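Bear in mind that the values here come from a model prediction, so they are computed numbers and not experimental data.
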Amino acid sequence: MDGAPLPKKSIDGQVIDDLLSGKTEDLKAVHRPIFLVNYGHVEAVRSGDWKYRRVPAGVNQISGKPYDAVEELHNIAWDPSERTNILADYPEKAAELRLLFENFDGNMKPAKN
């Protein structure tokens, strides 16, 4: 539509046009944390190679089957399939990402345990 107003909503994103256009060679540019939201609730946060995930116990909306609460920490560089939960091995990193997770201020409410 020509002349249609933009939505009155902040758009989440980070400018990477210099990287895509080749104006910068900094391929290790730091990206701000990425929050993964599922059904209106934050489920995980990724910062660098680290991903923290927390899901309260509940019932699957499709199958109707209950599932247990989950709290996980993964290093995506070491374990891209996220098969090994290293939460207990890296308590400082877990605490850092847990704080980001709990302070998520997006348009949707964070999941509560």
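- A distance of 9.0 Å separates CG of N60 from NZ of K65, quoted to the nearest 0.5 Å.
- Side-chain contact between F104 and V45 is absent, with no heavy atoms from C-beta onward closer than 4.5 Å.
- Taking every heavy atom of both residues into account, N85 and L73 meet most closely at OD1-N, 3.0 Å.
- One distance of note links NZ of K93 with CG of D49; it measures 9.0 Å at 0.5 Å rounding.
- Within the 4.5 Å cutoff, no side-chain heavy atoms of N75 are placed close to those of Y90.
- The closest side-chain heavy-atom distance from E71 to Y52 is below 4.5 Å.
- E72 approaches L87 most closely through the heavy-atom pair C-CD1, 4.2 Å.
- One N or O on the side chain of H74 and one on the backbone of T84 form a donor-acceptor pair closer than 3.5 Å.
- Listed here is the closest heavy atom pair of L100 and S47: CD1-CB, 4.4 Å.
- Formation of a donor-acceptor pair under 3.5 Å by the R54 side chain with backbone atoms of P56 is not found in this model.
- Closest approach of F101 to V42, counting heavy atoms only: CZ-O, 3.6 Å.
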